[in-house]
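All remarks here apply to the structure that follows.
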Amino acid sequence: MNYKAPKGTKDILPYEAHIWKYIEDKAQNILEKANYKEIRTPVFESTELFTRGVGDSTDIVNKEMYTFLQKGRSLTLRPENTAGVVRSFIEHGMHRLPSPLKLWYKGAMFRYERPQAGRQRQFHQLGLELFGIENPCADAEVIQIAMNFLDELGLSGLSLEINNIGCPECRNEYKKQIKSVIKPKLEDFCPDCLVRFEKNPLRILDCKNEKCRQLLCLPEIDSVISRDFICESCVAHFEELKEYLKTLNIKYTVNKKLVRGLDYYNKTVFEITSTNLGSQNAVCGGGRYDPLVSTLGGPQTPAVGWAIGMERLISLCKVPEEKPLDVFIVSDNKKQALKLASELRGLGISVDLDFLARKFAKQMEKASKTGAKFALILGEEELKTGTLTLKNLSTGKQESISIKEIPQRIFSLPLNF
Ligand code: ATP
Ligand code: MG
């Protein structure tokens with residue numbers, strides 16, 4: 001049997017893992033500076049959490065969930081993490097913690113989609129959620145953090161699109177108008193959009209089908225989409241958000257067709273896209289979801305958040321080379337080599353060694369192949385005299401040093417062994 005990673009999944013290989021770590025460390029640093037705390041929730045939850053929390057008119061719930069029965073209970077691999085974080089927020093009474101409560105997460109998500117460039121079945125998101133603030137200064141903060149993070153990773157060609165999709169009250173009027181203008185052309189839309197037309201017409205604006213996208217550009221449809229149906233308080237919220245973004249020097253464009261894929265959003269929605277990605281060009285998507293906490297059984301709690309697609313992000317950024325190994329020990333005395341390795345590691349030096357005690361020439365070859373900065377030669381002679389040979393593998397220079405000098409040579413560390 002020839003085993004392969006399942007379609008739509010990818011191994012993160014040893015020589016790629018440092019890229020992930022670099023990006024995750026950078027995110028953690030930025031998020032902690034803004035007082036976000038990490039939360040880790042299970043990769044599977046009860047199916048109902050997603051049907052209620054993500055919405056049963058979404059593609060995610062209708063077509064993309066990995067669901068399985070376990071002793072009669074329906075469980076689903078998380079397709080996104082907001083529902084899980086909100087479940088945890090409610091379960092642990094986090095509304096009683098000082099507000100705003102700021103959380104962030106990273107991890108694998110699962111969606112049964114057609115695998116293609118930038119689209120996998122197991123992919124990774126890094127995201128944040130801010131609970132407890134209704135004012136758009138919270139929306140502005142989360143957007144600013146996303147832009148700052150992507151900026152610090154040196155990404156170019158980014159654009160931020162924002163929209164306000166109204167609140168449950170004013171959105172009804174918008175839905176009505178969209179339905180009336182789409183109805184005459186309904187037969188030309190894709191089968192999915194026919195369902196959306198009945199269940200959640202706004203989602204038609206999010207359809208990826210090329211023909212549907214063209215139909216939405218027809219002047220009679222486009223002019224309706226471009227009109228403002230949102231109520232006064234939503235308009236005020238949107239205007240205030242724009243003010244904040246201006247103050248923060250964040251450029252944006254308003255895209256009236258931006259609705260996003262999940263049902264629970266209200267008011268602000270936003271997306272950050274990159275011109276350097278192919279057709280799957282969204283790096284970050286987010287928005288406000290004030291009704292979700294109460295929909296899932298918690299107290300009414302306004303909230304806003306975003307998620308970044310890690311694979312798409314990684315394809316866009318240049319990451320510094322992995323730090324090389326400090327020392328490779330070359331020795332025919334396994335006991336002493338192991339002891340030395342353990343002592344040096346204890347001092348913060350990265351060390352590897354040859355476990356086979358092969359010929360010195362072979363070990364030196366291996367030392368070079370590992371990319372180590374130094375080879376540390378510990379032979380019988382060296383053991384007798386208490387000195388070692390330290391060879392700089394990039395210059396080829398070598399010198400005799402005492403064990404005590406090693407950390408100083410390598411790091412300028414205090415000598416305490
Ligand atoms: P898209 O429009 O590309 O399908 P989405 O609206 O489904 O994105 P969200 O649910 O908002 O995406 O997820 C946030 C981010 O996660 C996206 O902007 C994208 O970068 C990433 N993402 C979503 N689905 C996938 C996937 N199947 N494979 C890789 N990354 C993904
Ligand atoms: Mg999607």
Side-chain angles (χ1 to χ4, degrees), residues 5-10 12 20 23 27 50 53-55 57-66 76-86 104-129 142-143 145-147 149-150 153 155 157-163 165 192 196 200 202-210 212-213 216 255 257-265 268-289 292 304-317:
K7 194 172 169 197
T9 70
K10 273 189 186 152
I12 297 166
W20 289 71
I23 293 174
F50 300 116
V54 176
S57 69
T58 60
D59 284 355
I60 293 181
V61 167
N62 284 327
K63 300 195 282 192
E64 301 174 358
M65 294 210 298
Y66 282 91
T76 294
L77 296 183
R78 60 182 182 193
E80 56 88 53
N81 209 31
T82 301
V85 171
V86 169
W104 75 278
Y105 62 82
K106 57 173 194 252
M109 308 295 152
F110 307 86
R111 296 184 193 176
Y112 187 74
E113 302 199 68
R114 190 170 69 78
Q116 51 195 293
R119 200 174 287 291
Q120 294 173 203
R121 291 180 174 169
Q122 177 180 322
F123 62 102
H124 296 77
Q125 286 185 339
L126 190 147
L128 63 73
E129 319 290 355
V142 302
I143 291 175
I145 289 173
M147 295 303 280
F149 174 47
L150 300 176
L153 289 171
L155 265 65
L158 294 178
S159 59
L160 166 69
E161 294 187 339
I162 59 172
N163 193 19
I165 54 168
D192 284 342
R196 289 177 185 132
N200 189 352
L202 280 194
R203 293 289 326 285
I204 295 176
L205 306 187
D206 195 34
C207 185
K208 301 267 186 314
N209 184 301
E210 202 38 53
C212 297
R213 295 184 90 94
L216 292 172
N255 174 0
K257 287 187 185 142
L258 187 64
V259 290
R260 313 231 17 81
L262 318 181
D263 273 354
Y264 52 63
Y265 285 108
T268 310
V269 290
F270 59 90
E271 201 161 75
I272 303 171
T273 54
S274 165
T275 46
N276 302 327
L277 284 170
S279 46
Q280 320 309 327
N281 64 353
V283 200
C284 174
R288 180 164 276 283
Y289 53 92
L292 185 62
V304 56
W306 51 249
I308 283 176
M310 283 292 286
E311 282 81 359
R312 292 187 200 173
L313 176 59
I314 282 171
S315 72
L316 288 172
C317 52

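Because the structure is predicted, anything quoted here is derived from the model rather than measured. Computation of the quantities below employed the complete heavy-atom set of this structure, encompassing side-chain atoms and omitting hydrogens, waters and symmetry-equivalent molecules. Whatever order the structure lists them in is the order used to number ligands and atoms, beginning at 1.
A distance of 10.0 Å separates CZ in Arg196 from CG in Leu205, rounded to the nearest 0.5 Å. Rounded to the nearest 0.5 Å, atoms CZ (Arg260) and CZ (Phe270) are 8.0 Å apart.
At least one N or O atom of Arg119, backbone or side chain, sits closer than 3.5 Å to an N or O atom of ligand 1. Backbone and side-chain nitrogen or oxygen atoms of Gln280 are examined, and none is located within less than 3.5 angstrom of a nitrogen or oxygen of ligand 1. Between Glu271 and ligand 1, a contact under 3.5 Å exists for no N or O pair. Below 3.5 Å of separation, one finds an N or O of Val283 facing an N or O of ligand 1.
Among residues two or more places apart in sequence or in another chain, the side chain to side chain donor-acceptor pair (under 3.5 Å) test is passed with Lys208 by none. Scored by the side chain to side chain donor-acceptor pair (under 3.5 Å) test, Glu64 finds no partners at all (sequence neighbours excluded).
Numbered from 1 in the order shown, with element, the atoms of ligand 1 that lie under 4.0 Å from a heavy atom of Lys208 read 1 (P), 2 (O), 4 (O). Of all atoms in ligand 1, listed by their number and element, those nearer than 4.0 Å to a heavy atom of Gly118 are 28 (N), 29 (C), 30 (N).
Ligand 1 does not have Glu311 within reach: every non-hydrogen atom of the residue lies 4.0 Å or more from it.
Among Phe123, Trp306, Phe110, the residue whose heavy atom lies nearest to atom 31 (C) of ligand 1 is Phe123. Scanning Gly8, Pro79, Ala282 for the heavy atom closest to atom 17 (C) of ligand 1 points to Ala282. Taking all heavy atoms of Arg260, Met109, Arg111 into account, the minimum distance to atom 10 (O) of ligand 1 is reached by Arg111.
At a heavy-atom cutoff of 4.0 Å, ligand 1 is contacted by no atom of Glu80, backbone or side chain.
Between Glu161 and Thr273, the side chains place no donor N or O within less than 3.5 Å of an acceptor N or O (distance only, hydrogens not considered). Looking only at atom types and distance, the side chain of Glu80 has no donor-acceptor partner in the side chain of Gln125 under 3.5 Å away.
Checking side-chain atoms of Arg312 against main-chain N and O of Val283 turns up no donor-acceptor pair under 3.5 Å.
Relative orientation of the Tyr289 and Tyr265 rings is perpendicular, given thresholds of 30° and 60° on the angle between their planes.
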